[in-house]
Structures are given as C-alpha cells and as structure tokens.
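These figures come from a predicted structure and were not determined experimentally. Position 1 is the first residue of the sequence; numbering continues from there.
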Amino acid sequence: QVQLVESGGGLVQPGGSLRLSCAASGSISSIGAMGWYRQAPGKQRELVAGITGDGRTNYADSVKGRFTISRDNARKTVYLQMNSLKPEDTAVYYCNANVLALSSGRYVGFWGQGTQVTVSS
C-alpha cells in the first residue's frame, strides 16, 4: 500500500508564503509524475502544478510566477513553494503521485488526505 502525507498548510496573510510537503511511503518501486491540486468550497478540484519524473514542470496560469513545484526523489517527496499568496488561493491542497505497479507495469495514481491553506487578513 502507498501513503501520501501532506504537511505545511495553515493560515497566512495576503502576500505571505507557505511551503507544502508531501512524502510518499509504502511499497514503492518508482514514482512518475507528481502534482499538487486544490479544491475550494463549491468548486471542482483543479491542477495547480505538476512535475514529471525527470523534473519538467507545468503550472496553472493563476499561479505562474508565484508558486514553484519541486521534488526530492531520494526522499520520495514533492514540495510546493507558494509566494505572494492571495485570498483566492484559499483551498484544500492535495498531492498526487503516480506509482509504478510492478504487477501490471503501469502507473497508478494515489492521493494525499489534503491540507488546508487559508489566505486571509
């Protein structure tokens, strides 16, 4: 079984910064793409940032220039550095990791439990 544990959420004032972490554990042979998603009340879950196994990144237009995704493959951890936070960034943030299933040779997606980020004065 694979577990993803997020940390780093909290309450921050507009213009502030937070760093989210998501550590994967369990029966893991290889991790492919990883990403951060968020879901605000009454809205659908949306992709915030993604990173491939070889480090290529992509971002939602709303966070480009403010958020940075990175990963540490040795620690099986993905990070999201969030700067210049805005009230509209308030949401539950979820990490996602695609883990190689040796039985099938295919990647299977797993989700963390989510961490709340609230941007408010």
With Val5 via side-chain contact (heavy atoms from CB on, under 4.5 Å) - residues at least two apart: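 In terms of side-chain contact (heavy atoms from CB on, under 4.5 Å), with neighbours along the sequence ignored, Val5 is linked to no residue.
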side-chain contact (heavy atoms from CB on, under 4.5 Å) against Ser30, all qualifying residues, sequence neighbours excluded: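 With sequence neighbours excluded, Ser30 shows a side-chain contact (heavy atoms from CB on, under 4.5 Å) to Leu100, Tyr107, given in chain and number order.
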For [X], give me all partners under side-chain hydrogen bond (donor to acceptor under 3.5 Å, both in side chains), at least two apart in sequence or on another chain.
X: Asn83; answer: Ser17, Gln81
X: Arg19; answer: none
X: Lys64; answer: Asp61
X: Gln3; answer: none

Provide the closest heavy-atom pair for [X] versus [Y] in the form atom of the first, atom of the second, distance.
X: Ala49; Y: Ile69; result: O-CD1, 3.6 Å
X: Val48; Y: Phe67; result: CG1-CD2, 3.6 Å
X: Ala97; Y: Leu4; result: N-CD1, 3.8 Å
X: Ser29; Y: Leu102; result: OG-CD2, 3.6 Å
X: Leu85; Y: Leu18; result: CD1-N, 3.8 Å
X: Asn73; Y: Gly53; result: ND2-O, 3.9 Å

Members sharing Leu11's hydrophobic cluster (side chains within less than 4.5 Å):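 Cluster partners of Leu11: none, it stands alone.
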Side-chain hydrophobic cluster, 4.5 Å single linkage: members besides Tyr37: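 Taking Ile, Leu, Val, Met, Phe, Trp and Tyr as members, Tyr37 shares its hydrophobic cluster with Leu47, Val92, Tyr94, Trp111.
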Stepwise side-chain contact (heavy atoms from CB on, under 4.5 Å) test for Tyr93 and Gln39: CA-CA 7 Å; Tyr93 284 69; Gln39 187 166 19; over 6 Å; no
Worked verdict on Ile31 versus Arg71 for side-chain contact (heavy atoms from CB on, under 4.5 Å): CA-CA 11 Å; Ile31 303 177; Arg71 63 190 287 169; 3.8 Å; yes
Student check: side-chain heavy atoms of Asn98 and Val108 closer than 4.5 Å: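 Of all side-chain heavy-atom pairs linking Val108 with Asn98, none is under 4.5 Å.
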Any Tyr79 side-chain heavy atom under 4.5 Å of Leu20 side chain: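 Tyr79 does not reach Leu20 side chain to side chain.
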Intermediate values then yes/no, side-chain contact (heavy atoms from CB on, under 4.5 Å), Asn96 and Trp36: CA-CA 6 Å; Asn96 173 269; Trp36 287 96; over 6 Å; no
Disulfide (SG to SG under 2.5 Å) partners of residues 6-65, not counting sequence neighbours, each pair once: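 For residues 6-65: Cys22-Cys95.
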Verdict with supporting geometry, Asn58 and Arg56, side-chain hydrogen bond (donor to acceptor under 3.5 Å, both in side chains): CA-CA 7 Å; Asn58 64 288; Arg56 287 171 291 143; over 6 Å; no
Asp72 side-chain N/O to Arg75 backbone N/O, donor-acceptor pair under 3.5 Å: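 Yes, because the side chain of Asp72 sits within donor-acceptor range (under 3.5 Å) of the backbone of Arg75.
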Can you give me every donor-acceptor pair (side chain of residues 114-121, partner residue at least two apart or in another chain, under 3.5 Å) with its distance?
from: Thr115; atom 1: OG1; to: Gly9; atom 2: N; distance (Å): 3.4
from: Gln116; atom 1: NE2; to: Ala91; atom 2: O; distance (Å): 3.4
from: Gln116; atom 1: NE2; to: Thr118; atom 2: OG1; distance (Å): 3.3

Trace of the side-chain contact (heavy atoms from CB on, under 4.5 Å) decision for Thr68 with Leu80: CA-CA 6 Å; Thr68 302; Leu80 186 67; over 6 Å; no
Partner set under salt bridge (charged side-chain N to carboxylate O under 4.0 Å, His left out) for Arg66, not counting sequence neighbours: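 Listed in chain order: Asp89.
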Residue pairs, two or more places apart or on separate chains, that pass side chain to side chain donor-acceptor pair (under 3.5 Å) and touch residues 44-53: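 Counting only pairs at least two positions apart or across chains, the side chain to side chain donor-acceptor pair (under 3.5 Å) contacts touching residues 44-53 are Arg38-Glu46, Thr52-Asp54.
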